[in-house]
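Computed from a prediction, not measured in an experiment: that's the story for all the values here. This chain uses plain numbering: 1 for the first residue, then up along the sequence.
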Amino acid sequence: MTKTAERLPAAAAPLAPLPAPAGGGRGRRALADQVRAYGFLLGGLICFALFSWYPAIRAVVIAFQRYTPGSAPEWVGTANFRRVLHDPEFGAAWRNTLTFTVLALLLGFAVPFVLALVLNELRHAKAFFRVVVYLPVMIPPVVSALLWKWFYDPGAGLANETLRALHLPTSNWSNGTDTALISLVIVATWANLGGTVLIYLAALQSIPGELYEAAELDGANLLQRIRHVTIPQTRFVILMLMLLQIIATMQVFTEPFVITGGGPESATVTVLYLIYKYAFLYNDFGGACALSVMLLVLLGAFSALYLRLTRSEGDA
């Protein structure tokens, strides 16, 4: 039996698997994962392309055409840009938009930051006051503008009725050439206050308490703690919100459209409102798109700055 076993060939050991091509399997799996991921994203990408990229590209094309509904477009080069630049309302629209942006930036930076500091120091009813502060964001913008239009009514509006009850002089508010723009700034600040406050509040709550304790031990008062601890620790959030607010306020439309109609005497005509007038009142889509391209270039510069800063912070 032993000799027979010796003559038989030894049992073959299991063959080792052939080595797979380096990276081949991983490459196929990675490709499959990418295809699957883009498959899930396909619906969103199609919607984004149809409702964002295509209109933007189409607007750039129409900016160089004479285009009216029902007629064939005609290439006119930069004629639309020259015509828009010579419009008497062009300068007023940009001046009003920039003034609105500066005023909204001053109020929209200071007021939410102070409110966030106050909410951060509260010991009781924090949730209630957060809801109260965020409530204006939940009101539709048009409804909010209509409420403020009634509030600003120079006759029986709540603002002037309150001033009369306090025996104070009344104001024309949104009907006065010198007060209309600041009235709209107040509306926009109130409407967008809640989201900014909550972002600031989240940034404040992420600051280590040890920093405040160390500042108190060094004898720093409240203003010194804000200056030397709070602001440096939240400077990135502050800068990002300022840039986003500039981009948003440069596109103000709802408030002048609903409350003032661009008046009085073009005192509240903004760039976006002028684009609306070109497109839907003058039927001049070429001029509207030319003005849109100008605004797009300016906002694109701010957006590039925003992306550069966020990328720098992420790399850090």
- What pair of heavy atoms forms the shortest contact from Val252 to Thr270, and how long is it? O-OG1, 3.0 Å
- Side chain to side chain, Met294 and Val271, heavy atoms closer than 4.5 Å: no
- Qualifying ring pair (Phe, Tyr, Trp, His ring centres under 6.0 Å) pairs with a residue from residues 158-182, counting only residues at least two apart or across chains: Tyr152-Trp173
- What's the shortest heavy-atom distance between Arg95 and Thr99, and which atoms? O-OG1, 2.8 Å
- Note on the structure: For residues 205-215, the side chain to side chain donor-acceptor pair (under 3.5 Å) pairs (sequence neighbours left out) are Tyr212-Thr230
- All heavy atoms of Ala104 vs all of Thr249, minimum pair found to be CB-CG2, 3.7 Å
- Assess whether side-chain contact (heavy atoms from CB on, under 4.5 Å) is satisfied between Asp284 and Arg83, documenting all intermediate values. CA-CA 11 Å; Asp284 184 359; Arg83 188 175 67 259; 2.6 Å; yes
- Item | Pairwise side-chain contact, Leu45 with Tyr38, heavy-atom cut-off 4.5 Å (strictly under) | yes
- What is the minimum heavy-atom distance between Leu295 and Met250, and which atoms define it? CD1-O, 4.1 Å
- Task: Indicate the atoms forming the closest heavy-atom contact of Pro112 with Leu193, along with that distance.
- Result: CG-CD1, 3.5 Å
- Task: For residues Pro154 and Thr170, determine if any side-chain heavy atom of one lies less than 4.5 Å from a side-chain heavy atom of the other.
- Result: no
- Validation row: Ile275, Phe253 side chains within 4.5 angstrom (heavy atoms): no
- Under a 4.5 Å side-chain heavy-atom rule over Ile, Leu, Val, Met, Phe, Trp and Tyr, are Val118 and Leu198 clustered together? no
- Message: Tell me the closest heavy-atom pair linking Leu181 and Thr268, and the distance in Å.
- Response: N-CG2, 4.0 Å
- Where do Leu291 and Trp94 land on the side-chain contact (heavy atoms from CB on, under 4.5 Å) test, with the steps shown first? CA-CA 11 Å; Leu291 195 54; Trp94 280 102; 4.0 Å; yes
- When rounded to the nearest 0.5 Å, the distance separating CG of Asn172 from CG of Asp178 is 7.5 Å
- Message: Starting from Leu147, can I reach Trp150 by hopping between I/L/V/M/F/W/Y residues whose side chains sit under 4.5 Å apart?
- Response: yes
- Task: State whether the side chain of Asp153 and the backbone N or O of Leu158 hold a donor-acceptor pair below 3.5 Å, judged by distance alone.
- Result: no
- Value rounded to 0.5 Å, distance of CZ in Arg225 from CG in Asp218: 11.5 Å
- Same apolar cluster: Phe129 and Val131, side chain cutoff 4.5 Å: no
- CD1 of Ile182 to CZ of Phe100, rounded to nearest 0.5 Å, is 9.0 Å
- Task: For side-chain contact (heavy atoms from CB on, under 4.5 Å), just list the numbers for Trp148 and Ser183, CA-CA rounded to whole Å, side-chain angles, deciding distance to a tenth of an Å, and then say yes or no.
- Result: CA-CA 9 Å; Trp148 278 93; Ser183 299; over 6 Å; no
- Query: Is the backbone N or O of Gly261 less than 3.5 Å from a side-chain atom of Tyr273, with the two atoms forming a donor-acceptor pair by type?
  - Reply: yes
- Give a yes or no on whether Phe40 and Leu31 share a hydrophobic cluster (residues Ile, Leu, Val, Met, Phe, Trp, Tyr; joining criterion: side-chain heavy atoms under 4.5 Å apart). no
- Please work out which of the three classes, parallel, tilted or perpendicular, describes the rings of Tyr282 and Tyr278, given edges at 30° and 60°. perpendicular
- Message: To the nearest 0.5 Å, what is the distance between CZ on Phe90 and CG on Leu85?
- Response: 4.5 Å
- Message: Test your reading of the model: is there a side-chain donor-acceptor pair from Gln251 to the backbone of Ile247, 3.5 Å cut-off?
- Response: yes
- Message: I need the Leu117 CG to Leu122 CG distance, nearest 0.5 Å.
- Response: 11.0 Å
- Quick one: does Asn80's side chain have a donor or acceptor within less than 3.5 Å of a partner on Gln65's backbone? yes
- Query: When rounded to the nearest 0.5 angstrom, what is the spacing between CG in Leu272 and NZ in Lys277?
  - Reply: 13.0 Å
- Return yes when atom CZ of Arg164 has more than 12 non-hydrogen atoms of other residues, nucleotides or ligands closer than 6.0 Å, and no otherwise. yes
- Message: In this structure, would Phe285 and Ile57 fall into the same cluster of hydrophobic residues linked by side-chain contacts under 4.5 Å?
- Response: no
- Item | Beyond-backbone contact of Tyr200 with Thr234, side-chain heavy atoms, under 4.5 angstrom | no
- Message: Could you check whether Arg58 makes a cation-pi contact with Tyr67, meaning its NZ or CZ is under 6.0 Å from the centre of the six-membered ring and within 45° of the ring axis?
- Response: yes
- Tell me, do Phe302 and Leu298 make a side-chain contact under 4.5 Å, heavy atoms counted? yes
- Task: Indicate, with yes or no, if the rings of Phe48 and Trp53 have centres closer together than 6.0 Å.
- Result: yes
- side-chain contact (heavy atoms from CB on, under 4.5 Å) between Leu241 and Phe113: does it pass, once the steps are laid out? CA-CA 11 Å; Leu241 287 178; Phe113 192 71; over 6 Å; no
- Message: Any non-hydrogen side-chain atom of Ile199 less than 4.5 Å from a side-chain atom of Met240?
- Response: no
